[in-house]
Amino acid sequence: LEEMGLSYEPMPVDTRKGDQHKPGYLAVNPNAKVPTIVDGEVTIFDSNAIVLYLGEKTGKFLPRKAQERGPMLSWLMFVASGIGPFTGQYVHFKNYAPEKIAYATNRYEFEALRHWRIVDERLAKNKYMVGDTYTVVDMALWGWARLLPNILGEQAAKLANVKRLVDEISARPAAQKAVALKDRYTFKTEMDEEAKRAMFPGNYRAQAGA
């Protein structure tokens, strides 16, 4: 939204308080995840769908060459089906699982690293994920990539090409405004019992009788 110069009204959703499970939010995103946008009569959820929708709506940050549209879609789906799920599951089993399961941690660490190495190799040959043009794919990737030092620790330092892209995007005024957006609001920071129930409801199925 910031990159494309579109006006918007942000609506905070405090996931540690369980706002994502309230009827009002479920009405726009039945998957109870953030983000979601409402554009007139159109509702779009999932960050990758959102950046693609906005790119097509404005005609901005999409590949210039027709033959690059296919690769753009492939890499955008790679972020959606590979980077996000495997990196997210690694974070979960490493930091939040109620019991430490070596198999799960090892599997998701391996897969997260494998996916990020593919990205790093891609960026070793291209300035951006789709050739020489900054696109919605880079935006989608940045959301995860900027957190890699916290996620992967020392292993993140080996992804030099990913870091190059992150540093470039993070220096963009739009990215800085996006990062600062959260500071307008006060979100819950404690990972207490309420937060765990809101973030990981599957861990409480037996207590709920599900």
Side-chain angles (χ1 to χ4, degrees), residues 13-21 25-26 29-36 45-51 73-126 129 137-167 169-170 179 182 187-210:
V13 179
D14 197 329
T15 55
R16 293 194 180 187
K17 289 184 177 179
D19 289 353
Q20 70 275 31
H21 300 298
Y25 190 75
L26 291 175
N29 187 348
N31 195 34
K33 305 291 182 182
V34 292
T36 301
F45 58 84
D46 190 278
S47 55
N48 298 277
I50 289 170
V51 293
L73 291 171
S74 293
W75 287 111
L76 187 61
M77 295 306 107
F78 179 85
V79 176
S81 65
I83 289 292
F86 285 106
T87 304
Q89 290 297 325
Y90 174 54
V91 170
H92 177 79
F93 282 105
K94 179 184 177 183
N95 299 319
Y96 301 113
E99 54 184 289
K100 299 302 179 183
I101 304 172
Y103 174 81
T105 303
N106 291 335
R107 168 173 167 72
Y108 286 112
E109 179 183 32
F110 176 86
E111 286 296 329
L113 282 169
R114 185 178 71 82
H115 281 79
W116 282 108
R117 285 168 181 155
I118 291 172
V119 171
D120 198 65
E121 290 173 4
R122 172 75 176 176
L123 291 172
K125 301 174 183 177
N126 299 273
M129 289 301 294
V137 179
D138 304 296
M139 296 179 194
L141 187 70
W142 175 76
W144 282 105
R146 69 189 187 89
L147 302 175
L148 279 183
N150 294 329
I151 295 171
L152 298 177
E154 295 180 356
Q155 298 180 95
K158 300 177 182 178
L159 304 170
N161 300 298
V162 174
K163 184 179 185 304
R164 169 185 60 77
L165 182 66
V166 169
D167 290 345
I169 297 176
S170 296
V179 171
K182 67 181 184 304
F187 292 100
K188 180 174 181 173
T189 58
E190 301 84 7
M191 185 55 80
D192 56 14
E193 190 68 11
E194 178 193 40
K196 290 177 181 177
R197 285 180 176 273
M199 300 289 289
F200 318 120
N203 293 346
Y204 299 87
R205 285 186 300 172
Q207 297 176 22

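A quick note: this is a predicted structure, and the numbers were derived from the prediction, not measured.
- Between N203 and K196 there is no side-chain heavy-atom pair separated by less than 4.5 Å.
- Evaluated for a side chain to side chain donor-acceptor pair (under 3.5 Å) with Y25, the options T36, D19, T15 yield exactly one hit, T36.
- For the pair N29 (side chain) and V34 (backbone), a donor-acceptor distance under 3.5 Å is absent.
- Looking only at side-chain heavy atoms (C-beta outward), E194 and R16 stay at 4.5 Å or farther from each other.
- The backbone N or O of A32 lies less than 3.5 Å from no partner atom in the side chain of H21, so there is not a single donor-acceptor pair.
- Within 6.0 Å of CZ in F200 there are more than 12 heavy atoms belonging to other residues, nucleotides or ligands.
- Of all non-hydrogen atoms in V13 and F187, the two that sit nearest each other are O-CE2, 3.9 Å.
- The closest donor-acceptor contact from the side chain of D14 to the backbone of K188 lies under 3.5 Å.
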- CA sep, side-chain torsions, deciding dist, call: N48, F78, side-chain contact (heavy atoms from CB on, under 4.5 Å): CA-CA 10 Å; N48 298 277; F78 179 85; over 6 Å; no

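- For the pair V166 and A145, the tightest heavy-atom approach, listed with the atom from each and the gap, is CG2-CB, 3.4 Å.
- Residue K33 places its NZ atom among 12 or fewer non-hydrogen atoms of other residues, nucleotides or ligands, all under 6.0 Å distant.
- Residues H92 and Y108 place their aromatic rings such that the two centres sit no closer than 6.0 Å.
- A 4.5 Å side-chain heavy-atom check between W75 and I83 finds every atom pair outside the cut-off.
- Within the 4.5 Å cutoff, side-chain heavy atoms of Y96 are placed close to those of V91.
- No side-chain heavy atom of E109 sits less than 4.5 Å from a side-chain heavy atom of F93.
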- Could you go step by step and tell me if L76 and V51 meet the side-chain contact (heavy atoms from CB on, under 4.5 Å) rule? CA-CA 10 Å; L76 187 61; V51 293; 4.1 Å; yes

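- The closest side-chain donor-acceptor pair between Q89 and E111, if any, does not fall under 3.5 angstrom.
- Side-chain contact check for L159 versus L152: some heavy-atom pair is nearer than 4.5 Å.
- A donor-acceptor distance shorter than 3.5 angstrom exists from the side chain of K100 to the backbone of K94, with no hydrogens or angles considered.
- With a 4.5 Å cut-off on side-chain heavy atoms, Y204 and E193 count as touching.
- No side-chain heavy atom of F45 sits under 4.5 Å from any side-chain heavy atom of I50.
- Between A112 and Y90, the shortest heavy-atom distance links the atoms CB-CB, 4.4 Å.
- Taking both residues in full, the closest heavy atoms of A198 and K17 are given as CB-C, 4.3 Å, listed atom of the first, atom of the second, then distance.
- A distance-only check finds a donor-acceptor pair linking the side chain of R122 to the backbone of M129 [under 3.5 Å].
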